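All of these numbers come straight from a predicted model, not from anything done at the bench. In what follows, chains carry the letters A, B, and so on, assigned in the order in which the sequence lines appear, proteins first and then strands, with residues in each chain numbered from 1.
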There are 4 protein chains.
Amino acid sequence: MRDSEATRERILEAAEELFAAKGFYETAMDEIVKTAKISKGGVYFHFPSKEKLFFALLDRLAEKLQRAVETAIAQRHGALAKIEGALEAVLKTLAGKRRLAQILLRQGYGLGPDFERKRLEIYSRFAQVIQKHLDEAVAEGSIESINTELTAYAWLGALNELVTRWIYTGTPDPLKESLPALTRLFLSSIGAALKDPHPAPSPPP
Amino acid sequence: MRDSEATRERILEAAEELFAAKGFYETAMDEIVKTAKISKGGVYFHFPSKEKLFFALLDRLAEKLQRAVETAIAQRHGALAKIEGALEAVLKTLAGKRRLAQILLRQGYGLGPDFERKRLEIYSRFAQVIQKHLDEAVAEGSIESINTELTAYAWLGALNELVTRWIYTGTPDPLKESLPALTRLFLSSIGAALKDPHPAPSPPP
Amino acid sequence: MRDSEATRERILEAAEELFAAKGFYETAMDEIVKTAKISKGGVYFHFPSKEKLFFALLDRLAEKLQRAVETAIAQRHGALAKIEGALEAVLKTLAGKRRLAQILLRQGYGLGPDFERKRLEIYSRFAQVIQKHLDEAVAEGSIESINTELTAYAWLGALNELVTRWIYTGTPDPLKESLPALTRLFLSSIGAALKDPHPAPSPPP
Amino acid sequence: MRDSEATRERILEAAEELFAAKGFYETAMDEIVKTAKISKGGVYFHFPSKEKLFFALLDRLAEKLQRAVETAIAQRHGALAKIEGALEAVLKTLAGKRRLAQILLRQGYGLGPDFERKRLEIYSRFAQVIQKHLDEAVAEGSIESINTELTAYAWLGALNELVTRWIYTGTPDPLKESLPALTRLFLSSIGAALKDPHPAPSPPP
DNA sequence: TATGAATGAGATTTCATTCAT
DNA sequence: CATGAATGAAATCTCATTCAT
């Protein structure tokens with residue numbers, strides 16, 4: 001049982017590496033088999049098909065990201081602060097894990113309806129988290145009433161595009177350079193102002 | 001000579017239809033051949049490979065969209081108004097041409113580095129148009145100074161995600177429902193207000 | 001494991017038969033697949049390409065012939081006798097194995113530079129055996145000093161042409177008729193006399 | 001009519017260049033068309049098929065070589081001298097025309113029975129010339145009675161192999177280095193001695 | 001005579017998946 | 001649980017040849 005899980009993990013690890021680098025179609029099962037140092041039959045024992053393996057990977061990565069976001073959110077108070085925290089968590093996590101970002105944001109597109117459906121499902125989960133906190137911010141009176149669903153997806157798409165550019169072109173640096181600008185952009189878009197993230201040290205009494 | 005161009009057109013037409021519906025990898029050259037009512041060799045006479053055919057298609061569609069945007073922009077005056085016009089033009093064009101939108105926004109992702117490079121190149125063209133007008137708006141004093149490049153890509157990404165959802169889920173309706181909300185979102189994000197097309201009842205004096 | 005080797009053998013057998021009869025280009029992988037009673041993928045599991053399969057075959061046949069020659073040489077004593085023995089062994093082996101001869105001597109010509117390189121490599125191996133024994137004969141004083149390298153290749157070429165004619169025209173019969181004449185020709189060419197295996201009636205005193 | 005012949009010549013020239021460099025199968029009609037700066041239909045107007053074009057080329061080249069040989073032979077007197085002259089002529093001609101040699105000696109092998117038949121036919125023509133003069137030498141009493149047919153083909157084969165090596169490996173230089181050794185080898189093989197090719201100037205009376 | 005777009009059969013190769021061991 | 005040889009459908013691409021202009 002323990003061994004089996006380790007094998008499964010090795011397969012997912014190999015698949016992550018290869019899918020991230022070359023995409024779903026350009027990655028052959030043979031390569032995964034070789035990279036994971038397992039046999040063909042071994043892979044098919046753990047995953048019934050290449051597609052299912054890809055989906056399992058997607059779920060795993062989405063969960064990872066979701067956990068990072070949830071942790072960040074839990075540590076802050078106030079809807080707007082939570083939103084800022086989530087944004088920061090997403091960028092930090094994706095910036096640190098190129099492979100994760102590549103698969104979650106770019107792979108699985110244009111691979112036919114099944115893949116698209118899966119991607120929409122994953123994005124929905126994130127969109128709902130964002131939307132929930134936006135709704136709370138509205139309820140709190142922190143921001144004006146807006147179309148929170150549309151806003152959530154717009155943010156997701158913007159993030160996706162920008163992270164993709166970081167991945168492929170290397171610029172601008174996600175955290176140091178863009179995070180404040182992006183946060184400001186997002187908050188502006190809902191009519192809120194950025195709480196000074198680096199407040200000057202208050203003078204001693 | 002005239003006929004030759006017609007054949008080329010027929011191939012592109014068939015490719016557009018099939019790639020949009022099933023994606024690059026799930027579309028076989030045989031199907032394009034059958035749909036275009038041409039022979040296999042005929043396709044390869046006009047396009048040296050499946051990939052090159054796909055890229056030619058991408059270019060053609062990008063041009064179409066670009067022309068629509070440019071026309072819309074030319075008819076308006078003032079940077080902000082041009083931006084609103086472009087947004088409307090993009091949404092109108094994409095909403096009316098599902099296939100165009102699908103290929104430009106969703107296909108060609110996760111198909112390996114070559115495809116991604118092509119996509120980045122096309123998006124750059126649009127981003128530059130947006131950025132140029134944002135820069136003008138800043139210069140005019142219509143909006144505050146912001147990171148216009150980041151904003152341009154963020155908008156593109158947001159548009160992409162929202163249009164994708166329209167395509168796959170059918171809701172919300174791009175023009176009637178979302179255009180005002182989206183325009184407001186975008187303009188808010190740069191600290192500008194929507195020129196009230198649907199004036200709210202004016203408050204009592 | 002054992003079975004795998006048998007399959008490989010079956011493929012080589014089929015390839016030998018077909019390449020010999022029709023040449024490299026005129027033989028389709030489909031035919032090899034059918035003849036070997038294996039699947040297409042099966043062939044490609046054992047040989048990465050048609051060309052590699054052909055080369056593997058060439059090596060195998062060259063080895064076979066080389067073994068026959070070496071055995072014949074080992075059984076004789078004296079450089080000249082060894083040369084005669086080798087000649088006889090080559091003719092006997094090739095005469096008995098038309099397919100082997102056809103592939104080794106005629107196929108793989110005019111198939112492009114890669115093929116020619118391979119052929120030159122194989123011929124070199126044989127030329128070196130001949131040359132070595134010619135050098136020994138010179139050292140022994142059995143024959144005068146000559147350009148042994150050139151002689152080795154000349155003999156190979158002569159053999160090639162004659163065997164080819166036997167193969168295609170059926171005449172003259174390689175062993176019964178030509179062996180003595182050819183041996184005499186070769187030995188004459190290096191200034192040595194045939195050790196009379198068929199003594200002419202001795203002249204009257 | 002005049003133009004037509006020039007076109008035909010251009011096609012043959014292009015075909016010669018390409019077939020020599022890459023072989024029959026590796027040369028596409030498209031390449032010939034491009035090199036000859038003519039259209040597809042143009043080639044097919046002059047030659048009914050690729051195979052026929054190749055054969056026409058073979059014939060043309062064989063004729064060229066034959067003429068060189070015949071000229072050389074006509075200038076000498078005595079069967080043995082004629083043989084020496086022919087040998088020299090062949091080597092000189094082939095050494096000066098790599099492409100000619102490549103096609104005549106190496107291309108058209110292993111391309112299936114039709115090609116082999118053609119090659120045998122061409123070689124026969126040369127063999128007959130050699131044999132005729134060998135027979136004359138025997139009749140003259142210049143050499144002992146031998147199997148002249150076998151000898152003719154053996155020589156042809158030897159020449160073929162050696163010229164091939166010159167072509168592909170560049171060594172040894174055909175004329176300067178090998179001609180004397182080869183001539184000696186050939187003459188030895190029929191029991192004749194080389195007539196000093198560079199006689200010391202006879203002293204004045 | 002010449003053009004070149006079009007044909008279409010056929011070639012090699014790939015690869016997800018299976019299954020006897 | 002794991003192995004890896006084998007399958008076979010399908011994919012992309014080639015290329016000699018034709019024919020309307």
Side-chain angles (χ1 to χ4, degrees), chain A residues 1 3-8 25-34 37-53, chain B residues 1-8 11 25-33 36-53, chain C residues 1-8 11 25-33 36-53, chain D residues 1 3-5 7-8 24-34 37-53:
Chain A
M1 211 43 138
D3 288 352
S4 166
E5 298 244 324
T7 300
R8 197 188 146 90
Y25 279 102
E26 302 274 308
T27 299
M29 283 301 254
D30 263 326
E31 298 177 83
I32 295 175
V33 160
K34 209 169 286 175
K37 279 173 191 148
I38 205 188
S39 69
K40 276 266 179 75
V43 173
Y44 277 89
F45 176 81
H46 289 283
F47 301 95
S49 74
K50 190 187 178 186
E51 199 174 288
K52 289 279 170 53
L53 166 58
Chain B
M1 211 51 127
R2 188 73 48 75
D3 289 352
S4 166
E5 300 240 327
T7 301
R8 200 187 143 91
I11 296 168
Y25 280 104
E26 303 276 312
T27 300
M29 284 301 254
D30 264 334
E31 297 175 84
I32 295 174
V33 160
K37 275 174 193 147
I38 201 184
S39 67
K40 213 170 274 193
V43 174
Y44 279 90
F45 179 81
H46 288 281
F47 302 94
S49 71
K50 189 186 177 187
E51 198 174 287
K52 288 278 171 53
L53 167 57
Chain C
M1 219 37 136
R2 188 72 49 72
D3 289 352
S4 166
E5 301 241 325
T7 301
R8 199 188 144 90
I11 296 169
Y25 281 103
E26 302 277 312
T27 300
M29 284 302 254
D30 263 335
E31 298 175 84
I32 295 174
V33 160
K37 277 172 192 146
I38 201 185
S39 68
K40 217 169 270 194
V43 174
Y44 279 88
F45 179 81
H46 288 282
F47 302 95
S49 72
K50 189 186 178 188
E51 198 175 286
K52 287 279 172 53
L53 167 57
Chain D
M1 210 45 137
D3 289 351
S4 166
E5 298 244 325
T7 300
R8 195 188 147 90
F24 179 81
Y25 279 103
E26 303 273 308
T27 299
M29 284 301 252
D30 264 325
E31 297 176 84
I32 295 174
V33 160
K34 209 168 286 176
K37 280 171 190 150
I38 204 186
S39 70
K40 277 267 179 75
V43 172
Y44 278 90
F45 176 80
H46 288 283
F47 302 95
S49 73
K50 188 187 179 187
E51 199 173 288
K52 288 278 169 53
L53 167 57

Spacing between C:Glu5 atom CD and F:dG4 atom P, to the nearest angstrom: 15 Å
Nearest-Å distance for atom pair NZ/P, residues D:Lys34 and F:dC15: 12 Å
Between E:dC15 (C1') and A:Glu51 (CD): distance, integer Å: 15 Å
Per-nucleotide protein contact string for nucleotides 7-12 of chain F (B base, S sugar-phosphate only, - none; heavy atom under 4.0 Å): BB-BSB
Presence of A:His46 side-chain N/O under 4.0 Å of F:dC1 phosphate oxygens OP1/OP2: no
Side chain to side chain contact (heavy atoms under 4.5 Å, CB included) involving C:Phe47 - partner list, sequence neighbours excluded: C:Arg8, C:Ile11, C:Leu12, C:Leu53, C:Ala56
Which atom of A:Val33 lies closest to which atom of A:Ile38, heavy atoms considered: CG1-O, 2.9 Å
Pairing pattern in dot-bracket form [Watson-Crick, G-U; both distances under 3.5 Å; | = partner strand] for DNA chain E: .||||||||||||||||||||
Between NZ on residue D:Lys40 and NZ on residue D:Lys34, distance to nearest 0.5 Å: 9.5 Å
Summary of salt bridge (charged side-chain N to carboxylate O under 4.0 Å, His left out) pairs that have at least one residue in residues 42-53 of chain A, sequence neighbours excluded: none
Short side-chain N/O contact from A:Thr7 to OP1 or OP2 of F:dA2, under 4.0 Å: yes
Atom-pair distance (CD1 on D:Ile32; P on F:dC15), nearest Å: 12 Å
Spacing between D:Phe47 atom CZ and F:dA16 atom P, to the nearest angstrom: 15 Å
